[in-house]
Participant: 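Sharing a structure, written as structure tokens. Questions coming.
Letters A, B, ... mirror the listed sequences (proteins, then strands); counts begin at 1.
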2 protein chains.
Amino acid sequence: MATQKDVAERAGVSFITVSRVINGLDNVKPETRNRVEAAIKELNYHPNRQAQALNHGLTHTIAFVTPRMYDLPLYSNFFVMSLLSGVELKGRELGWDILLTTDYDLEGSFDFLRVWHQRKVDGLVFVGFQRFPMEQKGAIEERGIPCVSISDRIESPAISWVDTDNRAAARDAVARLFSMGHRSFAFIGIDADRDYNPNIIEREKAAAEALAERGLAQRRLISESSTPSTGIAAAQAYVAMERRPTAIISGNDSIAFHFIGESARHGLLCPRDYSIVGFDAEPAGRLSTPTFASYEQPLVDMGKTAIGLLVERIGGEAWERKTIEFPMRFVEGGSLGPAPADSHFLSASPKP
Amino acid sequence: MATQKDVAERAGVSFITVSRVINGLDNVKPETRNRVEAAIKELNYHPNRQAQALNHGLTHTIAFVTPRMYDLPLYSNFFVMSLLSGVELKGRELGWDILLTTDYDLEGSFDFLRVWHQRKVDGLVFVGFQRFPMEQKGAIEERGIPCVSISDRIESPAISWVDTDNRAAARDAVARLFSMGHRSFAFIGIDADRDYNPNIIEREKAAAEALAERGLAQRRLISESSTPSTGIAAAQAYVAMERRPTAIISGNDSIAFHFIGESARHGLLCPRDYSIVGFDAEPAGRLSTPTFASYEQPLVDMGKTAIGLLVERIGGEAWERKTIEFPMRFVEGGSLGPAPADSHFLSASPKP
DNA sequence: CTGAAAGCGCTAACAC
DNA sequence: GTGTTAGCGCTTTCAG
């Protein structure tokens, strides 16, 4: 590995001149600069970031912190991957590398600030911040650790966040289904005790509100059992219902996938027997029959924005907290149809 | 940020003793050690990795290098994410962090060794190695850069690889379909000029071989047009065929998804009109109707193995190149059925 | 068992 | 314009 010293020798200057050249300082004679640059090329010299960081303190690396990905449902893959892509892409553009910090121990022992303490990164992007152990969160404000949260609206004045307008989307879903004649609604949520997903929580609340404004109540499809899939459990509950709702709002697309599949196995078909709308607009929803109506979050853009804020924060003297809300976009799909005739409200035992 | 010096002062020793304690050297009196450890706790001291690396040269970080993820089809997400999960998980276990190096410029200007030259990482895990610009590859052997390839069987004596037995799986697919009565086969591949996927290439070759052994030929479903989706293009070609094959082997599950969807739109149903088998066993294949027959790669394990090899390589004096082939596992699915009656061979214009 | 000195590769202050 | 001197936080000799 070539060092500044090697380059300096070859160019016949002192190593400090090399430092000046690579840092683009202007007090170097053009001719000297050229000689140095030639030597850099010849020796394939790259500045040692570790050594640089030791001086001015910047590693030019950012941590992407999120609960473990590998054992999460498909949804999380798409969701997390899209965010990560945005973070990575914009990061590269700005000259920052991304370090993964994904190990999350459910027992709460995850030391997610380790990489910061070790000075491996200059800041952190969080996805699913609320899920992380409380003790460490205090340190962020105390020590002024630069970080940004995605999809979690953190109260702390030290933390900017980026999120989508889940409420507006959920309200739109209700309005849309209502205008198609639906009067009996259910929401497929998650068990808040066993899982945490701020998006789904917001969607459920807003949908309930919008229904209340129309004088309707929202039923909740969720099983307490530890069924591996929320969607399947919800479908089983649905099939067993007395007067089945005709309009289903699913916490997200992944849950809807499972719901539709399991319901079909019991003879209940979409959109014949019910309509369903999800969130996140997963690509798979474009391939299925019927296609899925959904609301799309600009995930890649959210990732990009998050890292933009973070880099600003890290470099900035006059930093200011920002909270950014993106709109969601409705994506058409065949899973939405008119409310079926009254018979469907009745608990006729569905054919298997 | 507390430094060794701070800890030393508090513990009433010299900073060198602190260094010994955090490095677990044994020449420290137990009592002194305790004092130092207490001080470390109190000050929440973490060793500065940058400074450590500057000395012994190890960053304890590894680069995960792969073509851009965000604009690739769903398949890549699942595939890459699973590998990445394995890498991340095992890396953490061994005390290594993962740096993403995912930006891949199709024009070939991607400087994928940058992070190594900058000494941000001690080694690299490659996915899709063959796609990277040739010029830089020479440097790997020359400079002895530690790296491991996943899913690409690199010839270089400097590069270990981890892969699956795609050939055996493809042969098994042929045997399976043959034993169900199928005698007319097609493979959905990719256009090698526009895309590169070593898995799919191997699968196609091996399937053709297995068919040849049975005196059968393999047709190829692939469009030259720049249709966004290989699967959709293949389905369109399929629908237009004179004597349609009844057994389809798809390069991977993602392609099969699109194929089935588009074929259905033209009135050709699976498994009534044809059987199809894919590779990778994507989770979505468990949710669809019919479910997908597929071959599963142990992706997480492959990722784990890769990083294991790499860490061995980095630390090892007596390093030895290893090439590891994992088996694939057949996953049952409803997309496989008996060969349909002869009529299906004919080019009856399918009902739309 | 503990400490002092040197140096990893680089940058920031100050000379010349 | 260019070089010299310190020092970032740590580890690695070598002394005591």
Participant: Which of these, Ile140(B), Leu124(B), Thr59(B), sits in a side chain to side chain contact (heavy atoms under 4.5 Å, CB included) with Trp116(B)?
Facilitator: Leu124(B)
Participant: Take atom CG of Leu25(A) and atom P of dC14(C), then tell me their distance rounded to the nearest Å.
Facilitator: 16 Å
Participant: Tell me whether the OP1 or OP2 atom of dT2(D) has a side-chain N or O from Thr32(A) closer than 4.0 Å.
Facilitator: yes
Participant: Would you mind reading off the distance between Gln4(A) atom CD and dT11(C) atom C1', rounded to a whole angstrom?
Facilitator: 8 Å
Participant: Taking atom CH2 of Trp96(B) and atom NE2 of His60(B), what is their separation to the nearest 0.5 Å?
Facilitator: 5.5 Å
Participant: Verify, without hydrogens or angle tests, whether Ser85(A) (side chain) and Met81(A) (backbone) share a donor-acceptor contact under 3.5 angstrom.
Facilitator: yes
Participant: What integer distance in Å separates Phe15(B):CZ from dC8(D):P?
Facilitator: 11 Å
Participant: Do the non-hydrogen side-chain atoms of Thr305(A) and Lys322(A) ever get within less than 4.5 Å of each other?
Facilitator: no
Participant: How long is the line joining NZ of Lys120(B) and P of dG9(C), in whole Å?
Facilitator: 18 Å
Participant: Could you check whether the rings of Phe112(A) and Phe129(A) sit parallel, tilted or perpendicular, using 30° and 60° as the cut-offs?
Facilitator: perpendicular
Participant: Supply the atom-to-atom distance Gln297(A) CD to Asp301(A) CG, rounded to the nearest 0.5 angstrom.
Facilitator: 11.5 Å
Participant: Does dG3(C) have OP1 or OP2 under 4.0 Å away from a side-chain N or O of Thr17(B)?
Facilitator: yes
Participant: May I ask you to list the residues of residues 38-57 of chain A, by number, that have any heavy atom positioned under 4.0 Å from an atom of DNA chain D?
Facilitator: Leu54(A), Asn55(A)
Participant: How long is the straight-line distance from CG of Asn48(A) back to CD of Gln118(B), given to the nearest 0.5 Å?
Facilitator: 9.0 Å
Participant: Measure from CD on Gln118(B) to P on dG9(C) and round the result to the nearest Å.
Facilitator: 16 Å
Participant: Would you say Thr3(A) places a side-chain N or O within less than 4.0 Å of OP1 or OP2 belonging to dC8(C)?
Facilitator: no
Participant: Give Arg119(B) one of three labels, base, sugar-phosphate or nothing, depending on what nucleic acid heavy atoms sit under 4.0 Å from its own.
Facilitator: nothing
Participant: Would you kindly give the NZ-to-C1' distance between Lys5(A) and dG7(C), to the nearest whole Å?
Facilitator: 10 Å
Participant: Starting at CD1 of Ile16(A) and ending at P of dG9(C), how long is that distance when rounded to a whole Å?
Facilitator: 15 Å
Participant: Figure out the CG/P separation between Asn23(B) and dC1(C), and round it to whole Å.
Facilitator: 18 Å
